[in-house]
Amino acid sequence: MSKAIGKRTPLPSKEATLFKELLTLYETRQIKKGLKTADQILKKFPEHGETLCMKGLVLTHMGRREEGIDLVKKGVRLDLTSHICWHVFGLIQKADKNYEEALKSYTQALRFDRENMNLLRDSAQLQTHLRLFDTLVDTRHTIVKLRPNQRQNWVALAVAHHLNGNPVEARKVLEHYQRSLKNVPDYDIEHSETLIYYVNILEEVGDLSEALSILDKSSKSRSIVDRTSILEIRARILTKQKVPEAEEAWRSLIEHNPDSYESYRGYLASQDIALDRPNADAVAKLQEFATQLPRATAPRRLQLNVATGDQFKDLVKAYITRGLTKGVPSLFADLKSLYADSEKKQAIESLVESLREEYAAASSPDLDVEPTTYLWTLYFLAQHYSYLSQPTKALSLLDTALKHTPTLPELHMCKARVLKRTGDPLGAARCLNDARLLDGQDRFLNTKCGKYLLRAGMVDEANTIFGMFTKKDAPSPAADLEDMQSLLFLLEEADAYRGNGKPNLALKRYMAVKKVFDDYEDDQFDFHGYNLRKFTINIYIKLLKWEDQLRSHPAYIKAAIEATKIFVSVSDDPTIVTALSSTSQLTDAEKKAKKKAKKAAQKVQEDKKTAQATNDNKDLEAAPPKDDDPDGLKLLGSSDPLEQASKLLHPLKTLAADNIDVWIAIYDVAIRRKKMLQAVGALNRAVALNPDYPELHIRLVDIKQRASSLPQTPPAPIGPVFIDALSKLLPDELSLETFNSQYLQRHSSNPQAVLAAAKVLQRLNAPLAETENAVFSLFGADVKLDIQTALSALEFLSSLKSPRADEFRAVCQTKFELSTAFKTPAELAPLRAQVLSGSSGDANPEETTA
């Protein structure tokens, strides 16, 4: 038993030399030679752990990944005391993005080689990635002790202290680093970045005088070369010091960039002048800048936020007239935030209507008014009335504008937006296609058209449009856009699939969004080393803060909530998967497209294999796995849908704690997983945000029903806590029928609340007629019914198999006369055929790119 597992067997001199050669060959990426050298050693010493690990590492670079990983694991078992074995094992785990296990391997390797710089650097990067800042500080200290003459090691130590919440220590490290510098040339970018970081640290610890002194001294000596940062930091510090020089500092910053809104806000804040309410002083100050900087838009626009009455009318008239004369398409988007004030909204409407009459009368060639000014006035008013839910007026104005200039794409796009808001997605897509046909090579117009086609449920047609600008060798346009991480496309296509009754494909797209954010998180790893090497420290700190808030992005929140709804529906009714498993759901066109995509995917795989055959040196990272679930049916039918939903929602508990829909989704998952305290806790958070939220009303009734149907009270300590929390949400003495009736009385004019009350009636086993009457009360005179709620109500009636569903559909069609959302499939078929016909009758979008 001399060769016990885990005990090192030293190599003889010849093989030891060969092993050193193997390490050199690997580092210089001479992979084939490295494999031959490893085989030479293993021929005599087949159980030499370090050589087995190196051979495994070489094999992974040659594409023989599984074989290589098995050899590495075997090598580690044979030599548990070798830092090389653990280092190689860590490299493999890091390539698999298993960062926690990789760090454990590196830690183990450092036990046997404490001064290995490669190990220490990689460990520091992993600790930063995993946000283990306490151990990061220790690792960076060790690196500085071993290599005190390298500048980046000192800066990295300061950053480690800063990330660990200890800016005072970071300051001390940077001061020691500054004293050690000699003969730094002017305009040295690395030194400049370090000094800005040092000034930011001084500002953070509150030593404002020292920070300002260093900043001024460094800027005069040309040590800091970023002029914008100098001006911003100086103005910020002087404002905190509350000294008169702050005003001049902000003025310098405004002159440096006259269109920066933040600079004006900072200047006014330094003068204790508020911008969040009407303020004559703010108007006067901004007028000074408008006069001083005649080409700047920012001061004139900010004036509109704080001006009132006749002063506002004078200012907005000058602002709008200037925009219309110059033909600024985004003028309405710029001004619509003012519509929160009804007086300002009315003033803008009156002004632009009077300008329209003036420009219409001035269309005579004798008068000095450009014809396009009248056109942009019509465009502005159309957007105005569409925003105010007056589509008839908006469409009338657009018809006039299109007769004036039928070749302006913005007019067709605006008409599409108006029709979209009226509930006519097919008409909206048709208008966007008309805009696209005006310039078939315009990527923006084509992308917008594809987006509207998706909203109309025309997925294949949308992919044809997108395919004009995606890679021709990609399996499909959708696959290429997924690789390009297009969140807009993934979410819109997911919504389209869900609207078309294909939750499997919708779920696949929502989970693709989740994968995009996983990639964002993994991609930061390379920057932990890169930013410190390049001394781009300040942006690196911002990157880490942004990554920590990554999943607060609206796209992730929406994808997580919508995917959760699908997972919950499958958990409640597993027959959904069975029904979708049949291929009969595919149309002939879809089958053809699927076959074409499969062929393209096979071609891509063959090309990859050919490329691999000619390239033996590959990255350690595993190749993207082959998609063995193109229809998403395996994902939809997974054995643990609620567990997957819970993982999706977990980061949102802290990153989207103010989003009530997140807590509703968390409740839906927790209650089905029998996590009673988690479920009632989610409802408590939702109640704190909005106690009258319609979806919350349904969940309160649901949890009460589930609690009363429990065979026995949950055991202590969970049971008493759950019962107490539930009684606070919904008192025991209040019956569910009374609770629902009182809610409906309080919110009888809110359409979503009325629908929620109707859904609760169905849960309470009320007669069908009573539930139907509750739904039809949506047409009451005091209820402001919108199209989306009406569609939800129609879907609810259909799920009840109500005989009055068609009657509800007919009333909706009458109420929303411009909408096509309530038409039957037979009625929609000819409208769908017209979408891509275009005004020229050309139905082939690819021909327009010629």
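Keep in mind that the numbers below use all heavy atoms, side chains included, and drop hydrogens, waters and symmetry copies.
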Would you call [X] and [Y] a salt bridge, using N to O less than 4.0 angstrom?
| X | Y | result |
| --- | --- | --- |
| Asp518 | Lys514 | yes |
| Glu175 | Arg171 | yes |
| Asp96 | Arg65 | yes |
| Asp216 | Arg234 | yes |
| Arg251 | Glu288 | yes |

TODO: Flag the pair Phe45 / Thr51 as yes when at least one side-chain heavy-atom distance between them is below 4.5 Å, and no otherwise.
DONE: no
Would you tabulate the side-chain donor-acceptor contacts of residues 99-107 under 3.5 Å, counting partners in other chains and residues two or more places apart, or write 'none'?
unit_1	atom_1	unit_2	atom_2	d
Glu101	OE2	Lys104	NZ	3.2
Ser105	OG	Gln93	OE1	2.6
Ser105	OG	Glu101	O	3.3
Tyr106	OH	Asp122	OD2	3.1
Thr107	OG1	Leu103	O	2.7

Sequence neighbours excluded, which residues qualify as side-chain hydrogen bond (donor to acceptor under 3.5 Å, both in side chains) partners of [X]?
| X | answer |
| --- | --- |
| Ser263 | Ser260 |
| Asp480 | none |
| Glu190 | Arg151 |
| Lys20 | none |

What heavy-atom pair brings [X] and [Y] nearest, and what distance separates the two atoms?
| X | Y | value |
| --- | --- | --- |
| Leu136 | Gln127 | CA-OE1, 3.3 Å |
| Leu544 | His528 | CD2-CE1, 3.7 Å |
| Leu52 | Gly75 | CB-CA, 4.0 Å |
| Leu275 | Ala282 | CD2-CB, 4.4 Å |
| Ser219 | Ile230 | CB-CD1, 3.6 Å |
| Asp259 | Ala298 | OD1-N, 3.3 Å |

Nearest 0.5 angstrom please: [X] [atom1] to [Y] [atom2], how far?
| X | Y | atom1 | atom2 | result |
| --- | --- | --- | --- | --- |
| Thr81 | Asp113 | OG1 | CG | 12.0 Å |
| Arg236 | Glu203 | CZ | CD | 4.0 Å |
| Arg533 | Gln152 | CZ | CD | 7.5 Å |
| Arg121 | Asn116 | CZ | CG | 9.0 Å |
| Leu22 | Thr17 | CG | OG1 | 12.5 Å |
| His87 | Ile92 | NE2 | CD1 | 11.0 Å |

Report yes or no: does [X] contribute a side-chain atom to a donor-acceptor pair with the main-chain N or O of [Y] at less than 3.5 Å?
| X | Y | value |
| --- | --- | --- |
| Glu50 | Cys85 | no |
| Arg300 | Pro294 | yes |
| Ser192 | Val225 | yes |
| Asp226 | Glu193 | no |
| Arg147 | Asn153 | no |
| Ser221 | Ser218 | yes |
| Gln524 | Glu521 | yes |
| Thr536 | Ile539 | no |

Open item on the list: Less than 3.5 Å apart, any donor N or O on the side chain of Thr37 or Asp39 sitting next to an acceptor on the other?
Closed with: no
Open item on the list: Quick one about Thr128 and Arg140 (side-chain donor to acceptor, distance below 3.5 Å, no hydrogens or angles considered), yes or no?
Closed with: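 Short answer, no.
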TODO: Would you please test Ile41 and Leu11 for side chain to side chain contact (heavy atoms under 4.5 Å, CB included) and show each step?
DONE: CA-CA 9 Å; Ile41 301 170; Leu11 291 171; 4.2 Å; yes
TODO: Taking side chain to side chain contact (heavy atoms under 4.5 Å, CB included) as the test, write out the residues that go with Lys653, two or more places apart.
DONE: His650, Trp663, Ile666, Gln678
- [ ] Can you sort out the partners of Arg64 under side chain to side chain contact (heavy atoms under 4.5 Å, CB included), two or more places apart, ordered by chain and number?
- [x]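 Arg64 satisfies side chain to side chain contact (heavy atoms under 4.5 Å, CB included) with Leu35, Leu59, Glu67 once adjacent residues are dropped.
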Open item on the list: Walk me through whether Lys74 and Asp70 qualify under salt bridge (Lys or Arg N to Asp or Glu O under 4.0 Å).
Closed with: CA-CA 6 Å; Lys74 182 181 177 183; Asp70 289 341; over 6 Å; no
TODO: Please step through side chain to side chain contact (heavy atoms under 4.5 Å, CB included) for the pair Asp526 and Tyr530, ending with a clear verdict.
DONE: CA-CA 6 Å; Asp526 293 331; Tyr530 173 84; 5.7 Å; no
Task: Residue list, salt bridge (Lys or Arg N to Asp or Glu O under 4.0 Å) with Arg131, at least two apart or on another chain - done: Asp548
Open item on the list: By the ring pair (Phe, Tyr, Trp, His ring centres under 6.0 Å) test, which pairs, at least two apart or in different chains, include something from residues 152-183?
Closed with: His141-His161, Trp154-His176, His162-Tyr197
Open item on the list: Going by ring pair (Phe, Tyr, Trp, His ring centres under 6.0 Å), name the pairs with one or both residues in residues 219-272, residues two or more places apart or in two chains.
Closed with: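 Of all non-adjacent pairs touching residues 219-272, those that pass ring pair (Phe, Tyr, Trp, His ring centres under 6.0 Å) are Tyr264-Phe289, Tyr267-Phe289.
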- [ ] Would you kindly check if the NZ (Lys) or CZ (Arg) of Arg551 is within the cone defined by 45 degrees around the ring axis of Tyr556 and under 6.0 Å from the six-membered ring centre?
- [x]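 Yes, a cation-pi geometry holds between Arg551 and Tyr556.
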Determine whether more than 12 heavy atoms belonging to other residues, nucleotides or ligands lie under 6.0 Å from atom [atom1] of [X].
| X | atom1 | answer |
| --- | --- | --- |
| Met117 | CE | yes |
| Tyr319 | OH | yes |
| Lys73 | NZ | no |

- [ ] Check each of Ile196, Leu202, Ile224, Leu195 against Leu215 using the side chain to side chain contact (heavy atoms under 4.5 Å, CB included) test, and report the only one that passes.
- [x] Ile224
- [ ] Return the set of residues passing ring pair (Phe, Tyr, Trp, His ring centres under 6.0 Å) with Tyr198 (not counting sequence neighbours), or none when no residue passes.
- [x]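 Tyr198 satisfies ring pair (Phe, Tyr, Trp, His ring centres under 6.0 Å) with no residue once adjacent residues are dropped.
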Task: ring pair (Phe, Tyr, Trp, His ring centres under 6.0 Å) against Tyr520, all qualifying residues, sequence neighbours excluded - done: Phe517
Open item on the list: Over 60° means perpendicular and under 30° means parallel, so tell me whether Phe89 and Trp86 are parallel, tilted or perpendicular.
Closed with: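 The rings of Phe89 and Trp86 sit tilted, inter-plane angle from 30° to 60°.
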Task: Full working for side chain to side chain contact (heavy atoms under 4.5 Å, CB included) between Asn164 and Asp134 - done: CA-CA 6 Å; Asn164 196 36; Asp134 285 336; 2.9 Å; yes
